[in-house]
Amino acid sequence: MSRAYNIAVLKGDGIGPEVIDSTIKVFEALLESTDLKINFKFGEAGFYCIEKYGTNLPEETISLLKQTDACLKGPMTTPQTAGAPISAAVQIRKMFDLYANVRPCRSYPNVEALKPNIDLIVVRENTEGMYSGIEYELSPGVGVALRIITREASLKVAEHAYKLASKRKKHLTYVHKGNILRLTAKIFIDAVKSLAPKYPEVKVDETHIDAMTMHLIKKPESYDVIVTTNLFGDVISDEAAQVTGSLGLAAGANIGKNYGMFEPVHGSAPKYTGQNIVNPTATILAGAMMLNYLGEKKTASKIEKAVIQVLKEGKAKTRDLGGAASTSEMSEEVAAKVRTF
Ligand code: NAD
């Protein structure tokens, strides 16, 4: 009998409420058909909060997160004007030291991908690098953004990547731009290399970020775990998601020592808000990643199997996958399958 988990749910902006509601529907099917127990605790965060609270991450939400085992987060619109609060996701990642952003990408049955046998995970450093949030104008028209790279954060993310690789195909690729960003890249590279003796079973190689964007198109099937710094990881995980079919299928986990936040890789896609046409799968699979993180492997695998079965049957595919199903139709199909596994 599993214990009852407290899960914070932040629906977010744009298509966020649609994809989160769809995921909750799948979880309801899981709760009805297994002994899993979850108390969902809904909180407010996102662009829409700024007018109401003057911030996109209200204090009340921060204390809610602190009282929960993990967070399921919908996509949020990022404020872009100077002086506006930084992305709520970035704030949460830093606040809870969620140092590893884990983004699996794989080929699915009946989904057009560049290759049929892709199965890779991008592990992105999640708390510093180009997303440190330190930017200023040196003089009118001259801006500076700081790329902070520390040995400590690099070691934490590298360790997470080695552990994953050693449980999978035992191949780790670290990605950087050491020929140009010599000092900061060296700190990251040295940290990754220093852990290699601890994982002798893992084959380690390296690629420059520009070459990596090309290799992901040319031979994505040859990768297993890819570890890199924040900005590079953000870019190549979107690329890897598209290579395997759609951003609508890509889930992400933000993992720290004591907390985890789970979300789709995609953003709030504002132009599709309220139309019930986007793909809920990325968020549903983020829910499965959350269950794996909590140690609920059996229930996590029920969701994964249900998604694969729905894709295989091909009756309820959303537009991004070449189908005509609505968001709710696709999630209802997944929920129905969850009950049968
Ligand atoms: P986006 O991911 O929201 O959308 C890009 C395109 O991808 C969409 O136009 C659509 O064609 C496709 N897409 C995305 N999600 C889909 C889904 N579930 N099903 C089918 N197709 C889907 O990226 P954007 O337009 O660059 O960003 C919109 C907003 O989201 C911005 O404010 C951005 O900063 C924010 N964002 C937030 C997060 C996050 O909360 N973690 C992540 C990325 C972007």
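As the structure lists them, so they are numbered: ligands from 1, and atoms in each ligand from 1.
D69 and K41 are not joined by a salt bridge, as no carboxylate oxygen comes within less than 4.0 angstrom of a charged side-chain nitrogen. E128 has no carboxylate O lying under 4.0 Å from a charged side-chain N of R147, or vice versa, which leaves the two without a salt bridge.
Qualifying side chain to side chain contact (heavy atoms under 4.5 Å, CB included) partners for A250, counting only residues two or more places apart in sequence or in other chains: A241, V265.
For residues 150-170, the ring-ring contact (aromatic ring centres under 6.0 Å, His included) pairs, not counting sequence neighbours, are Y162-Y199. Applying the side chain to side chain donor-acceptor pair (under 3.5 Å) definition to pairs two or more places apart or across chains, those involving residues 201-211 are H171-D205, T173-D205, H176-E206, K177-D210.
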What short N/O contacts, under 3.5 Å, does ligand 1 make with the protein, listed by atom pair and distance?
{"residue": "ligand 1", "atom": "2 (O)", "partner": "G267", "partner atom": "N", "Å": "2.7"}
{"residue": "ligand 1", "atom": "3 (O)", "partner": "G267", "partner atom": "N", "Å": "3.3"}
{"residue": "ligand 1", "atom": "3 (O)", "partner": "G267", "partner atom": "O", "Å": "3.4"}
{"residue": "ligand 1", "atom": "3 (O)", "partner": "S268", "partner atom": "N", "Å": "3.2"}
{"residue": "ligand 1", "atom": "3 (O)", "partner": "A269", "partner atom": "N", "Å": "2.7"}
{"residue": "ligand 1", "atom": "15 (N)", "partner": "H266", "partner atom": "ND1", "Å": "3.4"}
{"residue": "ligand 1", "atom": "18 (N)", "partner": "H266", "partner atom": "NE2", "Å": "3.2"}
{"residue": "ligand 1", "atom": "18 (N)", "partner": "N279", "partner atom": "O", "Å": "3.0"}
{"residue": "ligand 1", "atom": "19 (N)", "partner": "N279", "partner atom": "N", "Å": "2.9"}
{"residue": "ligand 1", "atom": "30 (O)", "partner": "S268", "partner atom": "N", "Å": "3.0"}
{"residue": "ligand 1", "atom": "30 (O)", "partner": "S268", "partner atom": "OG", "Å": "3.3"}
{"residue": "ligand 1", "atom": "32 (O)", "partner": "T78", "partner atom": "N", "Å": "2.9"}
{"residue": "ligand 1", "atom": "34 (O)", "partner": "T78", "partner atom": "OG1", "Å": "2.5"}
{"residue": "ligand 1", "atom": "40 (O)", "partner": "K73", "partner atom": "NZ", "Å": "3.0"}
{"residue": "ligand 1", "atom": "40 (O)", "partner": "M76", "partner atom": "N", "Å": "2.9"}
{"residue": "ligand 1", "atom": "41 (N)", "partner": "E263", "partner atom": "OE1", "Å": "3.3"}

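Geometrically, R93 does not engage F96 in a cation-pi contact defined by less than 6.0 Å to the ring centre and at most 45° from the axis.
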